Amino acid sequence: MKLYNTLTRQEEELDFNKQDINMYVCGVTPYSSSHIGHAMSTVVFDVLRRYLEFKGFKVNHIQNFTDVDDKMIQAAKKLDMSTADLANNNIESFLNEMALLNNLPAQLYPRATEEIEKIIEIIESLISKGLAYHNKDGVYFRVEKVLDYGKLSRRTLKDMISGSRIEIDQNKENSMDFALWKSEKPGEPSWDSPWGKGRPGWHIECSAMSIKYLGNSIDIHGGGLDLIFPHHENEIVQSESFTGEIPFSKIWVHNGLLRMGSDKMSKSVGNIVLIRDVLDKFSTNAIRMFILSSHYRSPLEYNEDQIKSKEISIKKLTKLLENTGGKVDFDQISYVCQIRQEQFINAMDDDLNTPRAIATIFDLHKDLTRLSSEGIDIAAGQDLLNRLSDILGLDLKNKNIEYNQDEFLEPLMKILTNIRSELRNKKEFELADKIRFDLYNIGINLEDSLEGTNWNIIDN
RNA sequence: GGCGACGUGGCCAAGUGGUUAAGGCGGAGGUCUGCAAAACCUCUAUUCGGCGGUUCGAAUCCGCCCGUCGCCUCCA
């Protein structure tokens, strides 16, 4: 399998000579509800993980929570609660939403505040190596000391300083030096350290957690494109300086960002759509198919019409699973399965090309409907359809039938459709059509078939 | 200002040197049906932002121009 490595700016063959793959994915800062941009990122890495597992690897997947930082402190203050409570609340709903999105849970979800010991160990080591210094504001990393600083984001210190929008901090040796530890300010959560009370800076928590749980040099480190600089750049320089091992991560995978209109969706811009609101409107399958219909490195524009169109696509695929029976034709069915599975794998092997993978699923669908209409048993093909869909985290077996589970509607509709069937049997079509028409006007759609009448609530 | 990405049919989106430019949605026609709906079948870009260039051959490589976006501050 090839994956695009942000560090080398090219696709690289994944030739890990081992069965385990260590994958660290940067999670969220749980200061508020998560938006669908976060959903996009987690779905992408979920699919990467599922595919690697399909290929036979055991994936150690870790996703962190940065549960203390400026935003956390501000938000907690505003809500008059502790940062810990705020984090707990948001983490709980985040994990809940991940499950609803059908993302496999990571093996571990470490939190910055629970890794202070490791964080301090790293900072002490960096100071002792002369790569970090302590002043009244905290501890800072000396970026000038590291020659390859900027290798991930491909920029030089000179470029960064000249283009910098941040005010120059006179207390820092170099304006690009970044905080490893921040000294305590009144009213803020803090921990004891050799440099007095304080809290970790951004970036250091990910180095600590990645190294502690996955080792000095991991296989895949991922996150959104917007984390390349400064977050991942700084993680690299801290980690490699601390462990002395290069690379900190063999491959850096970054997903493109979700846009709202033509702008990036982000909490700070304020143009966000919450995951839970999208989950209210659309099925998990449709949301995932929407996300996976464009390549993970491209930007994706949030578009409800497009998500809606995926509901229809999913329904088509689901419908095919209902076909049963027919004569066994091993040659035909296995030929089709072999071709389509191969195309699916080729697509996924090519830098996780999910749009192409999805296209082969539809090709498989077309093949199978053809064979089925020729009276051939397609059970083996349906099984493949399920397996391939499962790699994308699409659950075709789970029909979203919750609509029809209302305890009053269900028996009521049964009475109505039974009466209507009798009318149709007596050829009293005018009255039967009136029932269908009137129900349609209150939002219930009837579909007659040979097996009986199905109904569903029309979504808008 | 520096670095980077992108512009493919009505919408979304693959394809990055060579048979008919994937796939989904939409649209048109058809099969089925008492009629609908659903499902299925067929059709739906001589053309890839514009202009030049390289090449036997370019959506695909090069140059310029136009347009959109991201990072350089917190961000998935």
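On a predicted model such as this, the values are computed, not experimentally measured, just so you know.
Taking atom C1' in both B/G17 and B/A5, the straight-line distance is 22 Å, to the nearest Å. Atom name C1', nucleotides B/G9 and B/C61: the rounded distance is 25 Å, in whole Å. Using atom C1' as the reference point in both B/C12 and B/A58, the two lie 25 Å apart (nearest Å). One C1' atom belongs to B/G50, the other to B/A59, and the distance between them is 14 Å to the nearest Å. For the P atoms, the distance linking B/C32 with B/U19 amounts to 40 Å, nearest Å. To the nearest whole angstrom, the two C1' atoms, one in B/U20 and one in B/U46, are 11 Å apart. Comparing B/A13 with B/C6, their P atoms sit 14 Å apart, to the nearest whole Å. Of the P atoms belonging to B/G23 and B/A14, the separation is 15 Å, rounded to the nearest Å.
The base-pairing partner of B/C74, taking Watson-Crick or G-U wobble contacts with both distances under 3.5 Å, does not exist among the strands shown. In this entry B/A38 has no Watson-Crick or G-U wobble partner, no candidate having both defining distances under 3.5 Å. Base pairing annotation: B/C48 forms no Watson-Crick or G-U wobble pair, as no partner gives both donor-acceptor distances under 3.5 Å. Across all strands shown, B/A14 forms no Watson-Crick or G-U wobble pair with both distances under 3.5 Å. Across all strands shown, the partner of B/C6 is B/G67, judged by Watson-Crick or G-U wobble contacts whose two distances both fall under 3.5 Å. In this structure B/C61 sits in a base pair with B/G53, meeting the Watson-Crick or G-U test at under 3.5 Å.
Comparing B/A76, B/C3, B/A14 by their closest approach to the side chain of A/Arg154 singles out B/C3. With distances taken from any side-chain atom of A/Pro355 to the nucleotides B/A14, B/G2, B/A76, the minimum falls on B/A14. For A/His295, counting side-chain heavy atoms from C-beta on, the closest listed nucleotide (B/G2, B/A76, B/A14) is B/A14. Closest contact between the side chain of A/Phe362 and the listed nucleotides B/U68, B/G24, B/C72 involves B/G24. Between B/G26, B/G70, B/A14, one nucleotide has an atom nearer to the side chain of A/Ile312 than all others, and that is B/G26. Side chain of A/Arg424, nearest nucleotide from B/C35, B/G15, B/G4: B/C35. Checking B/C71, B/C40, B/A76 against the side-chain heavy atoms of A/Lys264 singles out B/C71 as nearest. Closest approach to the A/Thr369 side chain among B/G15, B/C40, B/A39 is made by B/C40 (side chain taken as heavy atoms from C-beta onward).
Within the nucleic acid shown, A/Ile228 has no heavy atom closer than 4.0 Å to any nucleic acid atom. Contacts of A/Leu258 with the nucleic acid, taken as non-hydrogen atoms under 4.0 Å apart, include base atoms. A/Gly37 comes within 4.0 angstrom of a nucleotide base, judged by non-hydrogen atoms across all strands. Residue contacts for A/Asn255: at a heavy-atom cut-off of 4.0 Å it reaches a base atom on one of the strands shown. Looking at heavy-atom distances under 4.0 Å, A/Lys366 makes contact with sugar-phosphate atoms alone, never a base. Looking at heavy-atom distances under 4.0 Å, A/Ile361 makes no contact with the nucleic acid at all. Residue contacts for A/Ser298: at a heavy-atom cut-off of 4.0 Å it reaches the sugar-phosphate backbone alone, with no base atom in range. As judged by a 4.0 angstrom heavy-atom cut-off over every strand, A/His203 is placed among residues making no nucleic acid contact. Using a 4.0 Å heavy-atom distance criterion, A/Ser266 is classed as a base contact. A/Asp69 comes within contact range of no nucleotide atom at all, as no heavy-atom separation falls under 4.0 Å. Residue-level contact check: A/Lys316 touches the backbone only, with heavy atoms under 4.0 Å from sugar-phosphate atoms and none from bases. A/Gly27 comes within 4.0 angstrom of sugar-phosphate atoms only, judged by non-hydrogen atoms across all strands, and of no base.
Between A/Tyr51 and A/Phe54, a ring centre-to-centre spacing shorter than 6.0 Å is recorded. For A/Phe290 and A/Phe282, the distance between ring centers is not under 6.0 angstrom.
Contact between the side-chain N/O atoms of A/His254 and the OP1/OP2 oxygens of B/C71 is not found at any separation under 4.0 Å. Residue A/Lys308 places none of its side-chain N or O atoms closer than 4.0 Å to OP1 or OP2 of B/C11. At B/A39, none of the side-chain N or O atoms of A/Ser449 fall inside 4.0 Å of OP1 or OP2 (strictly under the cut-off). Distances shown here put every side-chain N or O of A/Asn456 at or beyond 4.0 Å from the OP1 or OP2 atom of B/A38.
Judged by distance alone, with hydrogens and angles left aside, A/Arg356 brings no side-chain donor or acceptor close enough to the base of B/G15 to form a pair under 3.5 Å. Judged by atom type and distance alone, A/Arg436 reaches the base of B/C35 through a side-chain donor-acceptor pair under 3.5 Å. One donor-acceptor pair, N or O on each side, does fall under 3.5 Å between the base of B/C35 and the side chain of A/Asp448. For A/Asp305 against B/G26, a side-chain-to-base donor-acceptor contact under 3.5 Å is absent.
Between A/Phe429 and B/G34, a base-stacking contact is recorded: ring centres under 5.5 Å apart, planes less than 30° from parallel.
Between the CD1 atom of A/Ile291 and the C1' atom of B/C12 there is a distance of 14 Å, rounded to whole Å. With rounding to whole Å, A/Asp367 atom CG is found 16 Å from B/A22 atom P. Between the CZ atom of A/Arg340 and the C1' atom of B/A22 there is a distance of 11 Å, given to the nearest Å. The distance between atom CE of A/Met265 and atom C1' of B/G70, rounded to the nearest whole Å, is 15 Å. One interatomic measurement links the two molecules: CG of A/Asp263 to P of B/C74, which rounds to 20 Å at whole-angstrom precision. Protein atom NZ of A/Lys315 is 12 Å distant from nucleotide atom P of B/C25, rounded to whole Å. Distance A/Lys158 NZ to B/G2 C1': 10 Å, rounded to the nearest Å. Rounded to an integer number of Å, the gap from A/Phe282 CZ to B/C12 C1' is 14 Å.
Taking a cutoff of 4.0 Å between a charged side-chain nitrogen and a carboxylate oxygen, A/Asp137 and A/Lys172 do not qualify as a salt bridge. Using a 4.0 Å cut-off between charged nitrogen and carboxylate oxygen, A/Asp277 and A/Lys281 do not count as a salt-bridge pair.
A side-chain N or O of A/Tyr24 and one of A/Asn64 form a donor-acceptor pair less than 3.5 Å apart. Judged by distance alone, the side chains of A/Thr360 and A/Gln343 never bring a donor and an acceptor atom under 3.5 Å apart. Judged by distance alone, the side chains of A/Arg276 and A/Ser33 do bring a donor and an acceptor atom under 3.5 Å apart. No side-chain donor from either of A/His38 and A/Glu97 sits under 3.5 Å from a side-chain acceptor of the other. Between A/Arg259 and A/Asn271, the side chains place no donor N or O within less than 3.5 Å of an acceptor N or O (distance only, hydrogens not considered).
A/Thr66 pairs in a side-chain contact (heavy atoms from CB on, under 4.5 Å) with only one of the listed residues (A/Met72, A/Glu205, A/Lys71, A/Arg111), which is A/Glu205.
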